[in-house]
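Computation of the quantities below employed the complete heavy-atom set of this structure, encompassing side-chain atoms and omitting hydrogens, waters and symmetry-equivalent molecules.
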Amino acid sequence: MENLYWLGQIQPPERKLVGEKAFYLNQLVLLGYPIVPGFVVSATALQEFWHTYDWLEPLFAELPHSSLHLNVDESHQLSALAQRIRHEIITAQLPPALFEALEPAGKLLQAPVLIFRPSVTLPSSPADASSLKISGLLESHVCRCEPEQMAIALKRTWAELFRARSLFYWHRLGIELQHISLGVLVQPLWPAIVSGEVQANSGAIEIQATWGLGKSIKLGEVVPDSYQLNPHTGALQIQRLGSKTIAYDLIDPSDPTEDVLSSHASDCLKLYMLSTEQQNQYALQPPYLKQLIELIQKVSVELGSACVLEWTLGKAKDGSQPQLYLTQAYPDGRDEDTQKTSRLEGDNLPVNLPPTNFSNTKIKGVPASAGQATAPAQVIASLNENTEAMPPGRILIASVILPDWLPLLKQAAGVVAEQGGMTSHGAILARELGIPAVVGAAGVTQLIQTGELVFIDGDKGEIYRLSEQHNQEFGLNNQELRMNSQPSHSLCSSLHSSFSTPLATQLFVNLSQPSSIEQLAGLPIDGVGLVRSELMLIEVLENQHPRQWLQKGATEEFVEKITAQLSQFARAFSPRPVFYRSLDLRSDELQSLVGADAGEEVNPTLGVHGTFSYVLDPSLFDLELQALAKLHRAGHTNINLILPFVRSVEEFTFCRQRVDGAGLTQQKSFQLWLMAEVPSVLFLLPDYVKAGLQGISIGTNDLTQLLLAADRQNPQMAAAFDEHHPAVMRAVQHLIGLAKQAGIPCSFCGGAPARYPDLIDQLVQWGIRSISVEPKAIESTYTALARAEHRLLLDAARHQLQ
């Protein structure tokens with residue numbers, strides 16, 4: 001059939017019909033590289049399918065760029081339309097000729113299971129469409145090699161264009177759907193021993209590997225083994241053992257004894273636990289690692305020094321040696337070395353790759369908030385500069401990002417800092433606001449000038465200066481740049497469909513900004529596990545430090561401001577609990593506010609803050625308690641208190657007495673917790689409980705840096721700051737055990753579950769009561785919790801049957 005194209009037979013004029021990823025694989029097949037075979041259902045087939053049905057026009061009339069001007073920021077409207085269109089596509093019949101062609105083509109692949117991969121070509125206009133990647137936006141679909149299942153998988157892949165997130169993305173790019181060419185690459189899915197990915201550029205080559213299929217890496221369910229290579233010699237420089245507890249593979253229907261945790265994708269895939277031996281060893285054995293390195297070196301000559309590869313080490317059916325195959329391979333396009341462009345390009349550059357015309361400056365930092373942004377820079381080299389003059393939509397570049405710069409962050413397209421770590425307040429705010437951030441980028445304020453066009457990658461921790469030519473050709477104003485680069489929290493409402501399984505472990509969210517409440521309060525989460533008071537109050541304190549309100553005698557107004565802000569959280573999440581952490585004012589934060597201390601402590605982390613500062617001067621703490629008591633009297637009985645950075649039982653007792661004096665402990669629903677972040681709590685928790693403690697929230701940021709003596713604000717210490725370190729994990733396990741013995745709830749608060757998915761398995765096994773995460777990590781944490789609890793029940797059932 002003319003709508004099917006086989007890898008190895010695609011001609012250059014057919015490139016747009018098959019999509020970029022399929023085209024590059026085709027070129028590598030012609031050169032003799034080990035590529036998994038396959039065929040492409042062309043973009044023409046989708047166009048013909050669209051024009052076959054009457055529902056096309058009335059539904060498409062509501063899409064962006066139509067006369068009705070759908071507002072993509074209205075998440076409910078967008079989600080409803082997306083679901084309706086996708087339902088119509090999936091339930092419609094394929095054209096008979098296409099349906100009849102799929103079965104024989106699938107049989108030629110000689111595999112029981114197939115994977116349908118989107119292969120897209122975006123239009124060359126607008127100017128920035130070619131500079132943004134869509135990797136991960138459109139998902140692949142797996143099915144058995146049966147006619148009906150193949151037809152459904154094809155339609156599901158087509159329907160990826162119409163997910164709410166996709167429609168939002170096309171709208172922000174200014175791309176009309178009829179100008180997108182979507183080919184679907186169909187390949188056999190073979191049983192895998194090991195799979196992984198390769199990210200290569202002129203500065204480094206990184207290999208990731210895990211057991212089984214690569215699905216666990218895609219979903220972030222494992223921390224894969226990693227290998228860093230010298231890009232010039234291919235020599236192995238660094239290797240790190242990952243954290244791998246699960247794997248995916250194909251279900252063998254002929255083996256009823258298979259130990260399967262759960263099945264996926266029409267019962268084609270199985271999820272299984274790895275043995276302790278597999279967890280403790282590298283998945284990719286040395287001979288195959290050497291073979292893969294040699295393959296990477298050869299392919300990078302064809303694709304250019306910057307490329308992305310996906311690979312698998314397949315099981316041999318006849319018992320012979322496993323075979324290494326490439327499943328995906330394409331230029332990454334983001335390499336300053338312009339001499340090493342892809343040899344497969346000819347005269348026509350692909351249109352869906354990131355900018356290739358960077359200047360020769362790339363700055364490396366620490367990834368702090370995911371996402372990419374392209375915008376003019378606003379450099380603030382000194383804290384004395386006028387920060388109010390920054391136009392909206394710029395990338396804020398500074399020596400340090402202070403939490404009191406919240407108004408700047410809200411109008412920025414992204415942020416870059418020379419100092420700070422991924423757990424700094426600036427990084428936390430960037431993640432909550434949904435803008436990309438890179439920290440620890442040494443010298444960046446000297447290398448980049450205000451107004452210069454830059455590209456930042458918050459996933460990789462990289463900053464690029466764009467060339468003057470690109471700067472002149474970039475035809476968007478600042479506001480448009482910001483809209484293109486900033487994710488929208490409005491899509492959070494689409495997560496409802498992901499929450500289908502009730503959890504025994506409570507799932508909370510960490511918040512500080514009332515602006516995030518509307519989109520998150522409707523999610524089926526159990527409440528707010530942490531309200532960061534310092535960040536919550538920044539915008540309403542009128543650029544004045546909290547102590548300044550005391551000094552000018554405006555205590556009643558200060559209480560009103562706390563009450564007004566916190567009541568928004570209480571009202572939105574009622575009757576679910578909201579845990580307010582009282583002020584933890586460190587001398588290195590809020591420096592630009594009027595009334596901040598002029599002196600600077602040598603080591604602010606170990607300085608005068610937390611409950612120790614309350615003992616020295618309880619005035620501000622008492623005002624916070626007045627606000628909490630006022631909220632309870634107003635009926636907001638779901639508000640609770642967490643004490644920060646408690647060093648001793650004496651400090652806790654002092655605070656407990658003042659809480660009693662405010663009348664809060666007389667409220668039946670009120671709970672007084674502390675942040676378990678100072679190591680002394682490991683030895684004193686039973687004494688805290690005797691003194692009246694009702695719960696703990698384990699704060700891994702400070703606990704990690706104090707246990708490992710690794711400053712979390714120092715980017716040079718990033719390698720030593722490891723929340724997954726055995727010492728930290730043993731401390732967490734010990735605290736959970738002590739809390740269970742004392743009969744008080746124990747919550748886990750921090751970003752570690754998002755970075756180390758296997759940690760959730762351990763927390764559930766140890767008996768954690770709740771987990772509180774940042775908004776971006778809600779869905780992945782929910783999924784991991786459901787899987788961990790299912791696994792625990794399965795293990796218990798097996799034990800009963802023995």
Side-chain angles (χ1 to χ4, degrees), residues 75-76 78-80 82-83 86 134-141 156 160 163-169 215-223 245-246 248 262 264-265 271 367 369-371 428 430-436 458-459 486-511 513 516-530 572-573 576 747-761 763-764 768 770-791:
S75 58
H76 294 291
L78 180 62
S79 296
Q83 290 176 10
R86 293 173 65 231
I134 61 169
S135 177
L137 182 68
L138 308 182
E139 296 179 7
S140 301
H141 291 272
R156 288 187 184 278
E160 289 293 320
R163 285 188 179 275
R165 65 190 184 195
S166 303
L167 294 176
F168 180 87
Y169 193 82
K215 183 180 177 73
S216 57
I217 296 179
K218 293 286 187 185
L219 296 179
E221 295 174 334
V222 298
V223 178
T245 57
I246 62 162
Y248 288 90
S262 62
H264 297 262
L271 173 68
S369 180
I428 290 170
R431 289 194 292 270
E432 185 169 335
L433 294 173
I435 59 176
D459 298 289
Q486 182 171 337
S488 170
H489 283 309
S490 66
L491 295 183
C492 286
S493 61
S494 66
L495 297 180
H496 275 284
S497 60
S498 301
F499 296 86
S500 57
T501 305
L503 297 177
T505 309
Q506 291 182 307
L507 177 57
F508 292 112
V509 63
N510 301 332
L511 284 180
Q513 301 306 301
S516 303
I517 292 175
E518 181 180 354
Q519 302 300 333
L520 295 171
L523 292 178
I525 52 180
D526 296 295
V528 181
L530 175 65
F573 287 92
R576 294 167 289 178
S747 185
F748 186 93
C749 179
R755 292 188 288 275
Y756 308 102
D758 64 299
L759 173 60
I760 293 177
D761 277 317
L763 292 174
V764 171
I768 196 72
S770 62
I771 296 178
S772 191
V773 297
E774 294 171 345
K776 280 189 174 182
I778 290 175
E779 184 177 15
S780 60
T781 303
Y782 180 93
T783 302
L785 276 173
R787 185 176 294 112
E789 292 182 359
H790 175 76
R791 209 171 284 147

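Residues that satisfy the side chain to side chain contact (heavy atoms under 4.5 Å, CB included) test with Ser369, not counting sequence neighbours, are Ala430, Arg431, Ala437, Lys776. Residues passing the side chain to side chain contact (heavy atoms under 4.5 Å, CB included) test with Ala784 are Ile760, sequence neighbours excluded. Qualifying side chain to side chain contact (heavy atoms under 4.5 Å, CB included) partners for Arg86, counting only residues two or more places apart in sequence or in other chains: Ala159, Phe162, Arg163.
Here the NZ atom belonging to Lys215 is positioned 9.5 Å from the OG atom belonging to Ser140, to the nearest 0.5 angstrom. One finds the CD atom of Gln506 at 11.0 Å from the CG atom of Leu785 (value rounded to the nearest 0.5 Å). With rounding to the nearest 0.5 angstrom, the CD1 atom of Ile771 is 7.0 Å from the CG atom of Leu759. Asn510 CG to Ser516 OG: the interatomic distance, rounded to the nearest 0.5 Å, is 11.5 Å. For the atom pair Phe748 CZ and Ser772 OG, the distance stands at 10.5 Å (nearest 0.5 Å).
Taking 4.5 Å as the limit, some side-chain heavy atom of Arg576 sits within range of a side-chain heavy atom of Ile525. The closest side-chain heavy-atom distance from Tyr782 to Leu523 is not below 4.5 Å.
Checking Thr505 against Glu789 by side-chain atom types alone, a donor-acceptor pair falls below 3.5 Å.
At least one donor-acceptor pair under 3.5 Å links the side chain of Asp526 to the backbone N or O of Leu507. Counting only distance, with no hydrogens or angles, the side chain of Glu221 and the backbone of Ser216 share no donor-acceptor pair below 3.5 Å.
Of all the heavy atoms in Gly529 and Phe508, the pair that sits closest is N-CB, 3.4 Å. Ile517 approaches Phe573 most closely through the heavy-atom pair CG2-CE1, 4.2 Å.
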| field | CA sep, side-chain torsions, deciding dist, call: Lys218, Glu139, side-chain contact (heavy atoms from CB on, under 4.5 Å) | value | CA-CA 10 Å; Lys218 293 286 187 185; Glu139 296 179 7; over 6 Å; no

